[in-house]
Novice: 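Right, I'll just put the structure down here and ask away after.
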Amino acid sequence: MSTEFTLPNLGENISGGDIVHVLATAGMSVTAGTVLLEVETDKAVVEVPANEDMIVQEVRIKPGDHVKVGQALFIVEPGGAKTAAPPDLSPPPVTAPPTAPPTGADQTDRAQTTTGDAATARPAGMEGSPMAVAPPVRSTVPVAAAPSVRREARELGVDIRQVKGTGPGGRIGMADVRAWVREHNRNPAAAVSQGPIGVGDARVPLHTQLPDFASWGTITREKMKNVRRATAMHMAATWNTVPQVTCHDKADITRLEELRHRFAPRIAKGGGKLSLTAIVLKVVATALKMFPQFNASVDMANDEIIFKQYIHLGVAVDTPRGLIVPVLRDVDRKNITQLAAALTILSETARAGKTALEDMRGGCFTVSNLGGIGGIGFTPIVNYPEVAILGMSKGVVEAVQVAGTFEPRLMLPLSLSFDHRLIDGADGARFLRWICEALEEPLLLSLEG
């Protein structure tokens, strides 16, 4: 006897949601627990599984529909999976091959030729836009994986249909998803080189797909510049790979600033500018020798830690084209005069857009200075595959208690973000405190370096 399969209760205070994907088709035989559709609520994307073995006779919803709890979604025949013929496992036909997201004029062509549910799911008001790209057609063949495994894959930004299951009948488990992530994180640069991330891209978790902003007012669209797109893709790959923690501290640089102004003319004769960044680079180079775990990378695929016997430091530079991070090599072998001159050349070259690609590779640790703009602190993002980055903010004169009395002191806010897989919070705090003490007592560099 045919019955209605209705939208079940999705959680407390949730009355319904929007259909993201419909994974069942008419005539499909499914078993209990098979995910039939995905519904996006105000809180998350929820998978709706079959509550028993059944044959789907009719599909009453499509992607983009808003549905309420209790609304009929399918007409089904209970118990069909035990008696019905196996479903056709061949992928549904598509009008364009499911390759990497297209770029340029190919986007318009694909948007015009894609058919089926993917075409109808395109946000209203974008049909005539050259930026309109329909989400790729998804296979409606259910994937054998528990809801918890699907949730893990979604949170990691993994298309579960790309994961090979090792369980009975090809069932996908947690270990399979994590093995896929480890394999594709061996070379994250290659993983993100497939092209720009777009709506419906398998690398983007479903809950990050954008609504139709034009429905609320006038909008304009601007093509991402290459530097911005590369930065966005690299930061997304880093954020999904590195569990990050940030420590904050302040260094009293009152005495250091006096020395910097005193010796600046001498450094200028060598062709450089004695900036606070140049001094911090020298301090960091010495600190990396004292704390070698900060001059390392994590190789999860081989369960190894890679310790580097060289010290190349990246310096974040704000350019008209966007943020880039050129690298100064062998910082530990350069004195302050040499560092100041090299940093001047590096900054000028970057702002002129002449930094070579090779000069942005091989960094061990990154320094980002926002002090020239302002702010009291920030949370820099680790530049993967490095394991730490130091952020500098604007120095401010504060009343500090010294020997029982308050004195005006120039305090420099510092922020250290690090990869918590390798570096514990206590080690991060020790590293940052050592840098503060080195800036407060410059003689420490000659004693430890």
Novice: Taking the side chain as C-beta and beyond, is there a heavy-atom pair between V67 and L73 under 4.5 Å?
Specialist: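 Side chain of V67 against side chain of L73, heavy atoms only: contact under 4.5 Å found.
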Novice: Applying side-chain contact (heavy atoms from CB on, under 4.5 Å) to F294 and C364, what does each step give before you reach the verdict?
Specialist: CA-CA 8 Å; F294 286 81; C364 305; over 6 Å; no
Novice: Considering only NZ, NE, NH1 and NH2 on the basic side and carboxylate oxygens on the acidic side, decide whether E348 and K354 come within less than 4.0 Å.
Specialist: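 Salt bridge between E348 and K354, a charged N being under 4.0 Å from a carboxylate O: no.
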Novice: Compare all side-chain heavy atoms of H248 with those of L414 and state whether any distance is below 4.5 angstrom.
Specialist: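 The answer is no; the side chains never approach within 4.5 Å.
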Novice: Looking at side-chain heavy atoms only, is the closest gap between F431 and C247 below 4.5 Å?
Specialist: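 When only atoms from C-beta onward are counted, C247 and F431 do not touch, as no gap falls below 4.5 Å.
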Novice: Is there side-chain contact between V177 and I172, with at least one heavy-atom pair below 4.5 Å?
Specialist: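 Yes; the side chains approach each other to less than 4.5 Å.
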Novice: Can you label the angle between the F74 ring and the F5 ring as parallel, tilted or perpendicular, going by 30° and 60°?
Specialist: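 Ring orientation of F74 relative to F5: tilted.
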Novice: State, with a plain yes or no, whether a side-chain heavy atom of I324 is found less than 4.5 Å away from one of M360.
Specialist: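 Contact flag for I324/M360 side chains = yes.
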Novice: Side chain of D359, backbone of P326: donor and acceptor closer than 3.5 Å?
Specialist: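 Not at all, since once roles are kept as given, no pair shorter than 3.5 Å links the two residues.
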Novice: Between the side chain of N240 and the main-chain N/O of A236, is any donor-acceptor distance below 3.5 Å?
Specialist: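 It does hold such a pair.
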Novice: Any chance CD1 of I219 has more than 12 other-residue heavy atoms, nucleotides or ligands included, within less than 6.0 Å?
Specialist: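 Yes, CD1 of I219 has more than 12 neighbouring heavy atoms, counting only those of other groups under 6.0 Å.
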Novice: To the nearest 0.5 Å, tell me how far I61 CD1 sits from L7 CG.
Specialist: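 CG of L7 is found 9.5 Å from CD1 of I61.
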Novice: Is any side-chain heavy atom of I305 closer than 4.5 Å to one of D299?
Specialist: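 SC-SC contact between D299 and I305 ruled out.
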Novice: Donor-acceptor check, side chain of S29 to backbone of I55, threshold 3.5 angstrom: yes or no?
Specialist: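 The answer is no, because no donor-acceptor pair under 3.5 Å joins these two groups.
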Novice: Which residues pass the ring pair (Phe, Tyr, Trp, His ring centres under 6.0 Å) test with Y310, not counting sequence neighbours?
Specialist: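 Partners of Y310 by the ring pair (Phe, Tyr, Trp, His ring centres under 6.0 Å) criterion, ordered by chain and then number, come out as H312.
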Novice: Would T241 and T238 count as a side-chain hydrogen bond (donor to acceptor under 3.5 Å, both in side chains) here? Give the steps.
Specialist: CA-CA 5 Å; T241 302; T238 296; over 6 Å; no
Novice: Using side-chain hydrogen bond (donor to acceptor under 3.5 Å, both in side chains), reason through T277 and N369 one step at a time and then give a plain yes or no.
Specialist: CA-CA 7 Å; T277 302; N369 186 356; 2.8 Å; yes
Novice: Just by distance, do the side chain of T218 and the backbone of A214 share a donor-acceptor pair under 3.5 Å?
Specialist: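 Such a contact is absent between T218 side chain and A214 backbone.
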Novice: Would you say D318 has more than 12 foreign heavy atoms packed within less than 6.0 Å of its CG?
Specialist: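 Result for CG/D318: open.
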Novice: Report yes if some heavy atom in the side chain of D419 is under 4.5 Å from a heavy atom in the side chain of Q244; otherwise report no.
Specialist: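 D419 vs Q244: side chains apart.
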Novice: Checking the side chain of S297 only, and the main-chain atoms of P385 only, is there a donor and an acceptor separated by less than 3.5 Å?
Specialist: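 Yes: the side chain of S297 pairs with the backbone of P385.
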Novice: Look at the side chain of S215 and the backbone N and O of D212, then say whether any donor-acceptor pair between them is shorter than 3.5 Å.
Specialist: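 Yes; judged by distance alone, with no hydrogens or angles, the pair exists.
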Novice: Any side-chain to backbone donor/acceptor pair from N295 onto K308? Under 3.5 Å, distance only.
Specialist: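 Flag set: sc N295 to bb K308 pair under 3.5 Å.
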Novice: Would you compute the distance between atom CG of L416 and atom CG of L390 and round it to the nearest 0.5 angstrom?
Specialist: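 So the gap between those two atoms works out to 6.0 Å.
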Novice: Would you confirm whether T25, through its side chain, and M28, through its main-chain N or O, come within 3.5 Å as a donor-acceptor pair?
Specialist: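 Judged by distance alone, no pair lies under 3.5 Å.
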Novice: Is the closest side-chain heavy-atom distance between Q71 and R60 below 4.5 Å?
Specialist: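 Not in contact.
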Novice: Can you see whether Q57 engages S2 through a side-chain donor-acceptor pair at a distance of less than 3.5 angstrom?
Specialist: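 Distance-only check passes for Q57 and S2.
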Novice: Is it the case that the side chains of T366 and E386 hold a donor-acceptor pair, with the cut-off being a distance below 3.5 Å and no angle test?
Specialist: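 A pair is found: one side chain offers a donor N or O, the other an acceptor, under 3.5 Å apart.
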Novice: Restricting to ring pair (Phe, Tyr, Trp, His ring centres under 6.0 Å), what partner residues turn up for F418, sequence neighbours left out?
Specialist: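 With neighbours one apart ignored, the set is empty.
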Novice: Kindly determine whether L23 and L37 satisfy side-chain contact (heavy atoms from CB on, under 4.5 Å), including the steps that lead there.
Specialist: CA-CA 5 Å; L23 306 179; L37 72 157; 5.7 Å; no
Novice: Distance-only, no hydrogens or angles: does the T349 side chain make a donor-acceptor pair with backbone N or O of I345 under 3.5 Å?
Specialist: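 Yes, because the side chain of T349 sits within donor-acceptor range (under 3.5 Å) of the backbone of I345.
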Novice: Between the side chains of D176 and K164, is the shortest nitrogen-to-carboxylate-oxygen separation below 4.0 Å, so that they form an ion pair?
Specialist: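 Here K164 does not pair with D176 in a salt bridge, since their nearest N and O are not under 4.0 Å apart.
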